[in-house]
Structure formats: C-alpha cells, structure tokens
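For reference, the structure discussed in these notes is given below.
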Amino acid sequence: MSRIAERFRQLAASGRKALVPYVVAGDPDPAATVPLLHALVAAGADVLELGVPFSDPMSEGPVIQRAHERSLARGTRLRSVLDMVREFRRDDPDTPLLLMGYANPVEHMGYAGFADAAAGAGVDGLLTVDIPPEEVARVNRELQRVGMDNIFLVAPTTPEGRLDLITREASGFIYYVSLKGVTGAGNLDVADVGSHLAAIRRHTGLPLCVGFGIKDAASAAAVAGSADGVVVGSALVDCYARAMEEGLSAEAARERVVALVAEIRSGIDAAVAA
C-alpha cells in the first residue's frame with residue numbers, strides 16, 4: 001500500500017478528512033521550500049502537493065503562474081525539486097507527497113528515469129495536468145513499477161461516460177476540480193460539487209479530493225462534508241507572496257501561511273464533527 005493510500009485509510013478509520021496544501025517548489029526561494037513543507041505538516045497537512053515550476057502552466061491562474069515564474073527565475077528545475085523532496089524525507093518518512101506539474105519536464109527526463117529518480121527521492125505520486133488518460137499507459141507502467149500513484153483531475157465538464165477511463169487509470173485519489181476555469185478563480189457551488197462527487201463515486205472507490213476553489217476555512221468546511229479531502233493552493237501561494245512583498249522575513253512569511261493552514265484545518269475538523 002502506498003503512503004497516499006495508507007494515509008487515506010487512516011483518515012477514514014478516524015473519521016477525518018484530508019487537508020492537502022499545494023505550494024510551488026522554489027517559491028519564493030529554493031531554500032524556503034523544505035522548511036515550509038515541514039511547517040505545513042505541523043499545522044495539520046495530511047498530504048503535501050508540491051508544484052514543479054513550468055514555463056507554461058496552463059491550468060493555473062495568475063497567482064500560481066507568478067509563483068512558477070519566480071521559482072524558475074531562481075533556477076528551480078525538476079531535479080532540484082527532487083533534491084528538495086529528498087531533503088524533506090530525511091526528517092519526515094511518513095507524510096505522503098505528490099508532485100503536480102506538466103508533461104514536458106517528465107518526458108524530458110524520460111518516464112523510466114523520472115520514476116526511478118522520483119521514487120528514490122521519496123515522491124509518492126504524480127499529477128500531470130496535460131497527460132490525458134488515453135496517453136497515460138507508458139508513464140503508468142513506469143510509475144506502477146516503482147509503486148508511485150498517478151493522480152487524475154476530473155472537471156465539472158467531464159462526461160460521465162469518460163469517468164470509467166479516468167478512474168481505471170488513476171490511483172491514490174481523484175482530484176475533483178470544483179469549478180470551470182483556472183486555479184484561484186470563480187466561486188464555489190457546494191451543491192454542484194456534491195452532485196459531481198456522487199457521480200464520480202459510482203465509478204470508483206478511490207478517495208475524492210476537491211480543489212480549485214478553496215480559499216479559507218469556510219470554503220474548505222463547505223466541501224468537507226461530501227469530499228474525502230480538500231486541496232488548497234492559490235490562497236497559500238498568494239499569502240506567502242504578499243507577506244514577502246511586505247518585506248517580511250521568510251520565517252515570518254511562513255508563519256503567516258501556517259496560520260492560514262491551521263485555520264483551514266480547524267474549519268474542516270469542525271464541519272466534520274458537526
């Protein structure tokens with residue numbers, strides 16, 4: 001059983017929902033990433049989602065796009081992201097961690113080479129926005145060889161007839177995109193999210209996590225009732241960036257992000273307990 005599957009098993013057994021924070025590796029500075037990951041875990045994160053910076057992050061809104069640009073400008077590349085994961089694993093062998101990114105860096109390294117390097121560093125899963133399920137056989141073969149999960153996105157516009165294909169290829173969990181648009185955009189329609197999650201559950205027993213519209217404790221709590229986990233990205237990236245723009249130190253900026261994560265954790269837990 002992968003670390004991701006085991007973590008969701010533990011959460012289900014204890015009646016809790018997963019908090020999955022997303023941050024961009026190397027933003028605002030490569031040296032800040034590993035301390036931030038540890039701080040997120042201490043604040044209540046159950047699974048970590050680490051963004052691999054890319055020059056054309058098509059699914060991202062302006063907040064995360066700028067974070068990718070800042071990270072790339074500081075020299076962050078896929079291999080240096082794996083170095084960060086390896087450093088994180090020295091002190092945390094248990095928290096599941098997945099990489100979210102785009103096909104180009106993975107294909108440039110080669111599927112087999114990536115799978116070996118990522119698994120060796122301690123990566124538990126991969127989410128590539130632009131590899132559709134029809135084209136995933138080769139990368140899935142390599143990920144399965146090293147015991148890594150392949151996380152898939154499902155959108156509000158995904159036809160139910162296509163869910164069979166997606167859920168057959170996915171492992172770890174399904175990431176449901178709560179709205180039409182890019183990260184950080186739009187308003188959350190909780191009833192619509194619930195109905196789509198119900199449709200997805202007819203096709204899979206994998207845990208379902210919701211992202212792309214979670215900004216605070218209230219929005220996280222609103223979806224926690226129907227989802228198995230909540231993904232928070234743009235709000236955290238924006239919080240960090242604003243703190244740095246105000247001239248705060250990396251440590252002080254990290255504390256501000258941690259406070260937001262702790263609020264969201266409390267909101268999720270309170271909603272589940274209600």
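Quick caveat, the model's predicted, so the values are computed rather than measured.
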Could you check S171 against D149 for side chain to side chain donor-acceptor pair (under 3.5 Å), going step by step and ending with a plain yes or no?
CA-CA 5 Å; S171 60; D149 287 316; 3.0 Å; yes

Could you check T158 against L163 for side chain to side chain contact (heavy atoms under 4.5 Å, CB included), going step by step and ending with a plain yes or no?
CA-CA 7 Å; T158 301; L163 289 175; 3.8 Å; yes

Using the rule given for side chain to side chain contact (heavy atoms under 4.5 Å, CB included), can you reason through V106 versus L99, listing the C-alpha separation, both sets of side-chain angles and the distance that settles it, and then say yes or no?
CA-CA 11 Å; V106 174; L99 300 184; over 6 Å; no

Run the salt bridge (charged side-chain N to carboxylate O under 4.0 Å, His left out) check on R256 and E246 step by step: do they pass?
CA-CA 12 Å; R256 189 174 288 184; E246 292 172 17; 3.0 Å; yes

Should L197 and V223 be marked as a side chain to side chain contact (heavy atoms under 4.5 Å, CB included) after you check the CA-CA gap, both sets of side-chain angles, and the distance that decides it?
CA-CA 10 Å; L197 293 182; V223 301; over 6 Å; no

Let me see the working for D228 and R201 under salt bridge (charged side-chain N to carboxylate O under 4.0 Å, His left out), right down to the final yes or no.
CA-CA 11 Å; D228 300 299; R201 290 193 196 281; 3.0 Å; yes

Intermediate values then yes/no, side chain to side chain contact (heavy atoms under 4.5 Å, CB included), D27 and H68
CA-CA 7 Å; D27 177 59; H68 280 242; over 6 Å; no

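A salt bridge is absent between E69 and R66: the closest approach of a Lys/Arg side-chain nitrogen to an acidic carboxylate oxygen does not fall below 4.0 angstrom. Taking the charged nitrogens against the carboxylate oxygens, D238 and K215 have no contact shorter than 4.0 Å, which rules out a salt bridge. By the 4.0 Å N-to-carboxylate-O rule, R70 lies too far from D29 to be salt-bridged with it.
The minimum heavy-atom distance between V154 and I200, with the atom names listed, is CG1-CD1, 3.8 Å. Residues A45 and L48 share a closest heavy-atom pair of CB-CD2, 4.0 Å. Of all non-hydrogen atoms in A25 and T76, the two that sit nearest each other are O-CG2, 3.8 Å. Residue P53 comes nearest to V81 through the heavy atom pair CD-CG2, 4.0 Å, listed as atom of the first residue, atom of the second, then distance. In terms of heavy atoms, C209 sits closest to V231 at CB-CG2, 4.0 Å. Scanning all heavy atoms of the two residues, the minimum distance from F152 to P132 falls at CE2-C, 4.3 Å.
The shortest side-chain heavy-atom distance between M109 and R79 falls under the 4.5 Å cut-off. The closest side-chain heavy-atom distance from T95 to F88 is below 4.5 Å. Two residues are said to be in side-chain contact when any heavy atoms from C-beta on lie closer than 4.5 Å; L97 and D92 fail this criterion. The shortest distance between side-chain heavy atoms of D130 and S59 does not fall below 4.5 Å. With a 4.5 Å cut-off on side-chain heavy atoms, I64 and V24 count as touching. Residues K17 and V230 are not in side-chain contact: their nearest non-hydrogen atoms beyond the backbone lie 4.5 Å or more apart. At a threshold of 4.5 Å between non-hydrogen side-chain atoms, the residues S178 and H196 do not count as touching. Using a 4.5 Å heavy-atom threshold, the side chains of E60 and Y102 count as touching.
A distance of 8.5 Å separates CD1 of I214 from CD1 of I264, quoted to the nearest 0.5 Å. To the nearest 0.5 Å, atom CG of residue L127 and atom CG of residue L98 are 6.5 Å apart. Between the CD atom of E49 and the OH atom of Y22 there is a distance of 7.0 Å, given to the nearest 0.5 Å. Here the straight-line distance linking atom CZ of R202 with atom CD of E160 works out to 4.5 Å at 0.5 Å rounding. In this structure, R254 CZ and Y240 OH are separated by 6.0 Å, a value rounded to the nearest 0.5 Å. Note that CG of N150 is 4.5 Å distant from CG of N140, once rounded to the nearest 0.5 Å.
V258 and L37 are not part of a single hydrophobic cluster, where members link through side-chain heavy atoms under 4.5 Å apart. Taken together through direct or relayed side-chain contacts under 4.5 Å among Ile, Leu, Val, Met, Phe, Trp and Tyr, Y111 and V146 form part of one hydrophobic cluster. Neither L248 nor L40 shares a network with the other; the hydrophobic side chains, linked directly or stepwise wherever heavy atoms of I, L, V, M, F, W or Y lie under 4.5 Å apart, form separate groups for each. Both V129 and V63 belong to a common hydrophobic cluster when Ile, Leu, Val, Met, Phe, Trp and Tyr are linked at side-chain heavy-atom distances under 4.5 angstrom.
Remark: the backbone N or O of P30 is not paired with any side-chain donor or acceptor of R74 at under 3.5 angstrom. A distance-only check finds no donor-acceptor pair linking the side chain of T128 to the backbone of G101 [under 3.5 Å]. Judged by distance alone, the side chain of R16 and the main-chain N or O of L11 form no donor-acceptor pair under 3.5 Å. Not a single donor-acceptor pair under 3.5 Å links the side chain of R7 to the backbone N or O of V47.
When each of M148, R3, R89 is paired with V123, the side-chain contact (heavy atoms from CB on, under 4.5 Å) condition holds for M148 and for no other. In summary, of the residues considered (V210, L208, I151), a side-chain contact (heavy atoms from CB on, under 4.5 Å) with I174 occurs for L208 alone.
Taking the six-membered ring where tryptophan is involved, the planes of F8 and F173 are tilted, since the angle between them lies from 30° to 60°. Ring pair F212/Y175 is perpendicular by interplanar angle, where above 60° counts as perpendicular and below 30° as parallel.
Applying the 6.0 Å contact sphere to CZ of R145 captures more than 12 heavy atoms from other residues, nucleotides or ligands.
The closest side-chain donor-acceptor pair between S266 and D269, if any, does not fall under 3.5 angstrom. Side-chain polar atoms of D83 and S80 form no donor-acceptor pair below 3.5 angstrom. With 3.5 Å as the limit, one finds no donor-acceptor pair spanning the side chains of T204 and T167.
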